Chemist: 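Pasting in a structure now, in structure tokens, and then I'll have a few things to ask.
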Protein chains: 2
Amino acid sequence: MNILRKNTDYALRMMCNLAGNYRQRAVSVRMLARQEDVSYQFACKILQKLQVADLVESVMGPAGGYRLCREPEKITMLDVIQAMQGNITVNRCTDKYDNCPRQPNCPVSIVLRRLQRNVDEFFVKVTLKDLLNNK
Amino acid sequence: MNILRKNTDYALRMMCNLAGNYRQRAVSVRMLARQEDVSYQFACKILQKLQVADLVESVMGPAGGYRLCREPEKITMLDVIQAMQGNITVNRCTDKYDNCPRQPNCPVSIVLRRLQRNVDEFFVKVTLKDLLNNK
DNA sequence: CATATATAGGACTATTATTATCCTATATGA
DNA sequence: TCATATAGGATAATAATAGTCCTATATATG
């Protein structure tokens, strides 16, 4: 299966779209939905989640829509992912708050914690600006 | 959510157990289940899957059980993961056979394919022997 | 050769997560 | 005041995951 949910996939694409329009205008959900191939209703839900997470802000009324809350270089993939699907953990035992009795000497957990660090680092290092620049 | 399913987590632990007993004896499912905290019935299912994937072989009858098909250094985490939950893909678009029309220039996909390579490489490099040695 | 101890594996249930839609309320610019 | 937007609760539909039940089959050993 996929590590990223469809939700998150849609959200990342819509956030890229908003990043491309940053400081120009609010983009309506209808427009975002059409351009990024997401159903209108579902796009509404996703944007509401992104708003709760303080990544986008809404403009109501005609000519309304959504825009980023801050500069594209200050929003990371991790921000978007966490807003949509929470923390990504490699395994139960790589979650900070796990209390598996085999810790901390379980061989499986020792190795997986290493991958966990790689993944965390990856997502926190990539910003929306990087995405736009194909970095 | 977790990248590795509970199934896979159980499987990895049981495989470590079998690796520790390699060339000594077949370990019964009852024993594996008790030592690794998995229900007996569920452990049976998991081992059957591992057998279909040619990672373990069964010995029927009294004093029977399971043993690894080959040396612990010749079985990777990827082998176990694929047997239990198939390929792990970062996103739809990092799957080899994906045909998303945005390919190959989608900014999201370009970045995620990089992570995909990291993850693949990680799992293929760690063997059961490494796990036992806490490498 | 009977029996106790194992695995084999199909069928099924339960639970949870994901994806999505429907509907009504509210805000606001022209 | 009306057309064009978002807000958000409720709920449906689907799919994945986790786990159990039951009966069949293999085999070492007394």
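Quick note on labels: first sequence line is chain A, next is B, and so on, each numbered from 1. From a predicted model like this one, the values you see are computed outputs, not experimental measurements.
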Chemist: Would you mind telling me which of Leu47(A), Leu18(A), Ile75(A) makes a side-chain contact (heavy atoms from CB on, under 4.5 Å) with Leu55(A)?
Modeler: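 Output: one option passes, namely Ile75(A).
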Chemist: Using a 4.0 Å heavy-atom cut-off across all strands, classify Tyr40(A) as base, sugar-phosphate, or nothing.
Modeler: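 If one applies the 4.0 Å heavy-atom cut-off, Tyr40(A) turns out to touch a base.
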Chemist: Distance check needed: dA17(C) C1' versus Ile3(A) CD1, whole Å only.
Modeler: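 Nearest whole value for this atom pair: 17 Å.
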Chemist: What integer distance in Å separates Arg5(B):CZ from dA17(C):P?
Modeler: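 Those two atoms, CZ and P, are 11 Å apart.
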Chemist: Take the protein atom CE of Met60(A) and the nucleotide atom C1' of dA27(C), then report the distance between them rounded to whole Å.
Modeler: 4 Å
Chemist: Under a 4.0 Å threshold between the charged nitrogen and the carboxylate oxygen, would Arg5(A) count as salt-bridged to Asp9(A)?
Modeler: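 No salt bridge links Asp9(A) with Arg5(A).
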Chemist: Whole angstroms only, please: what is the CD-P distance between Gln48(B) and dA26(D)?
Modeler: 14 Å
Chemist: Mapping Gln85(B) and Lys45(B) onto DNA chain D by nearest heavy atom, which one lands closer to the 5' end?
Modeler: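 Upstream on the strand: Gln85(B).
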Chemist: Does any donor-acceptor pair link the side chain of Lys6(B) with the base of dG19(D) at a separation under 3.5 Å?
Modeler: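 No.
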Chemist: So, are Asp98(B) and Arg113(B) salt-bridged, with charged N and O less than 4.0 Å apart?
Modeler: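 Salt bridge flag = no for Arg113(B) with Asp98(B).
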Chemist: Specify the separation, in whole Å, of atom OH of Tyr10(B) and atom P of dA18(D).
Modeler: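 That distance rounds to 8 Å.
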Chemist: Any carboxylate oxygen within less than 4.0 angstrom of a Lys/Arg side-chain nitrogen, looking at Arg102(B) and Glu36(A)?
Modeler: yes
Chemist: Counting just side-chain N and O atoms, does Ser28(B) come under 4.0 Å of either OP1 or OP2 of dT5(C)?
Modeler: no
